[in-house]
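All residue numbers in this chain count up from 1 along the given sequence. Whatever order the structure lists them in is the order used to number ligands and atoms, beginning at 1.
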Amino acid sequence: MHKTLVTGGAGFLGSHLCDRLVSLGEDVLCVDNYFTGRKRNVDHLSGKPNFELMRHDVTFPLYVEVDRIYNLACPASPVHYQYNPVQTTKTSVHGAINMLGLAKRTNARILQFSTSEVYGDPQIHPQTEDYWGNVNPIGPRSCYDEGKRCAETLFFDYHRQYRTDIKVVRIFNTYGPRMHPNDGRVVSNFIVQVLQGEDITIYGSGQQTRSFCYVDDLIDAIQLMMSGPDDLIGPVNLGNPGEFTMLELAEMVLKLAGGKSKLVFKPLPADDPKQRKPDISLARARLGWEPKVSLEDGLKETIAYFRKTLA
Ligand code: NAD
Ligand code: UDP
């Protein structure tokens, strides 16, 4: 049985990952500072003999004995990561150093939740892992993008310098139940707006594209990566290659949630990537993985969740 640490485990993705690991019988330690995560996301796990929750900020060292580490701690929504950008960079960089130090001492395998944001506003399409990206180092998104890029550097340097057993995945926009209603990301924003009868806020023309992966598909891939072959350290793109404009997404949410909301157009935030779509050939070939849940089916599940929680 693995002794597993999940940082950021009370957040959206972290709580789904904890569910999966607990159901597999792993001995799970979930740490979180509750900046964007919530205890209620993992409430249903408290009381299970193989689950433990600890308040901890990963910018401080952590001394525990584990053999697997999933490093998720970091706000992921632009609204939240720009709220305290210095803390965002510290979380990515000091957090990575602390968790890599822990992995080095305990000989644990450590998996980093990196992001498609390392590609910035990409000039190649779809994005492959060998693309170095187009990131503004001094803009409002840089605390997150450059923080995550530096974390990747640290992972690969720990691997080269100390042979630390690393895995790095680059996750493209993922959505599903347990996103925070005020998260600020587009899927939760549109659903909450429609369910509350508010206008749908389209930033810019709405012609920018994203690829949306349902959370269950992503957790499958994370598990395959963590248990995958030693030589597959990544980075590996994980996401759903379906590509949609924000206008198409808004129309789909309106149709599925049955609302009457109108579209209102707001300014496009600085450095907002124009298009994004993962090339997942590597994940297909090495992990035998590809997403199964269509955007329509995933949205239905997510709408049902918000309908219940907002009621
Ligand atoms: P989230 O905001 O719901 O989860 C982040 C969690 O980290 C929260 O529980 C938060 O409280 C915790 N946290 C933040 N700073 C911390 C600190 N200093 N110490 C301890 N805990 C801290 O976001 P999410 O969507 O679940 O994202 C989880 C991870 O996946 C992040 O690293 C994010 O960069 C990465 N990721 C997510 C997506 C996505 O679309 N959801 C895409 C790419 C990468
Ligand atoms: N977006 C939007 N309306 C919203 C929230 C976001 O049009 O209410 C747009 C945003 O400008 C971006 C896309 O949706 O082009 C995805 O934004 P999100 O914050 O979800 O993720 P990211 O930009 O990090 O991919």
Side-chain angles (χ1 to χ4, degrees), residues 6-18 30-39 41-42 54-60 62 70-82 84 87-92 94-96 98-99 111-119 121 141 144-145 147-148 151 169-176 178-180 183-193 198-215 218 222 237-239 244-247 249-250 263-276 278:
V6 180
T7 76
F12 160 52
L13 294 181
S15 63
H16 286 276
L17 179 60
C18 286
C30 167
V31 306
D32 207 295
N33 71 349
Y34 307 122
F35 175 54
T36 51
R38 297 172 292 174
K39 282 186 194 160
N41 285 341
V42 288
M54 182 200 283
R55 182 191 295 268
H56 177 77
D57 185 322
V58 294
T59 61
F60 296 95
L62 179 66
Y70 296 84
N71 189 37
L72 286 74
C74 186
S77 142
V79 177
H80 291 137
Y81 69 64
Q82 290 172 27
N84 185 342
Q87 178 65 15
T88 299
T89 302
K90 280 188 188 167
T91 293
S92 278
H94 293 186
N98 287 330
M99 293 310 115
L111 188 153
Q112 168 69 354
F113 276 53
S114 190
T115 169
S116 54
E117 292 287 332
V118 300
Y119 301 123
D121 191 3
R141 294 176 86 98
Y144 183 73
D145 300 7
K148 288 284 188 178
V169 293
R170 292 182 177 153
I171 299 166
F172 287 63
N173 300 57
T174 301
Y175 68 98
R178 300 199 197 131
M179 292 185 90
H180 197 291
D183 181 274
R185 280 177 281 188
V186 69
V187 173
S188 46
N189 265 15
F190 286 2
I191 293 176
V192 170
Q193 287 163 347
E198 294 164 5
D199 293 339
I200 297 186
T201 52
I202 307 277
Y203 301 163
S205 66
Q207 294 298 343
Q208 68 272 36
T209 66
R210 293 293 186 274
S211 299
F212 298 104
C213 185
Y214 188 63
V215 60
L218 182 84
I222 295 293
N237 285 342
L238 298 179
F244 297 87
T245 67
M246 296 311 102
L247 287 174
L249 177 70
L263 307 187
V264 292
F265 291 83
K266 303 259 182 187
L268 189 68
D271 300 333
D272 199 279
K274 285 180 271 310
Q275 53 178 5
R276 186 185 284 157

- Message: Treating S211 as the side-chain partner and R276 as the backbone partner, does any N or O pair qualify as donor plus acceptor under 3.5 Å?
- Response: yes
- Message: If I compare all heavy atoms of I200 with all of Q193, which pair ends up nearest, and what's the gap?
- Response: CA-OE1, 3.3 Å
- Of the listed options Y203, Y175, Y144, closest to atom 2 (C) of ligand 2 (non-hydrogen atoms): Y203
- Distance-only, no hydrogens or angles: does the T7 side chain make a donor-acceptor pair with backbone N or O of L72 under 3.5 Å? yes
- Report all protein residues having a heavy-atom distance below 4.0 Å to some atom of ligand 1; order the list by chain, then number. G8, A10, G11, F12, L13, D32, N33, Y34, F35, T36, G37, H56, D57, V58, L72, A73, C74, P75, A76, Q87, T91, F113, S114, T115, Y144, K148, I171, N173, T174, R185
- Query: Do the charged groups of R141 and E117 touch, with an N to O distance under 4.0 Å?
  - Reply: yes
- Note the single closest protein heavy atom to atom 13 (C) of ligand 2, along with its residue, its atom name and the distance in Å. M246 SD, 3.7 Å
- Message: Give the atom numbers and elements of ligand 2 that come within less than 4.0 Å of a heavy atom of E117.
- Response: 22 (P), 24 (O), 25 (O)
- Message: Below a 4.0 angstrom heavy-atom separation, can you tell me which part of T201, side chain or backbone, both or neither, approaches ligand 2?
- Response: both
- Item | Atom indices of ligand 2 within 4.0 angstrom of N189 heavy atoms, with elements | 4 (C), 5 (C), 8 (O)
- Message: Counting only heavy atoms closer than 4.0 Å, does ligand 2 sit against the backbone of R276, its side chain, both, or neither?
- Response: side chain
- Task: Using a strict 4.0 Å cut-off to heavy atoms of I202, name the atoms of ligand 2 that fall inside it.
- Result: 7 (O)
- Once you round to the nearest 0.5 Å, how far does OH of Y81 lie from OG1 of T89? 11.0 Å
- Item | Donor-acceptor contact below 3.5 Å, side chain S188 vs main chain M179 | no
- Backbone N/O of H94 and side chain of N98: donor-acceptor pair under 3.5 Å: yes
- Item | R185 contact mode with ligand 2 (heavy-atom cut-off under 4.0 Å) | both
- Task: Just go through Q207, Q275, K274, R141 and tell me whose heavy atom is the nearest to atom 24 (O) of ligand 2.
- Result: R141
- Message: Given 3.5 Å as the limit, does a donor-acceptor pair link the side chain of H56 with the main chain of F60, or not?
- Response: yes
- Item | Under 4.0 Å to a heavy atom of P78 - the qualifying atoms of ligand 2, by number | 19 (O), 24 (O)
- Message: Counting only heavy atoms, tell me which of D145, V186, N173 gets closest to atom 14 (O) of ligand 2.
- Response: V186
- Message: Less than 4.0 angstrom from a charged side-chain N to a carboxylate O is my criterion; do D121 and K274 meet it?
- Response: yes
- Message: Between Q208 (side chain only) and G206 (backbone N and O only), is there a donor and an acceptor less than 3.5 Å apart?
- Response: yes
- Message: For atom 11 (O) of ligand 2, what's the nearest protein heavy-atom neighbour? Residue, atom name and distance, please.
- Response: D272 OD2, 2.7 Å
- Task: State the CG-SG distance between N41 and C18, to the nearest 0.5 angstrom.
- Result: 10.0 Å
- Query: Is a salt bridge present between D199 and K266, judged by a nitrogen-to-oxygen distance below 4.0 Å?
  - Reply: no
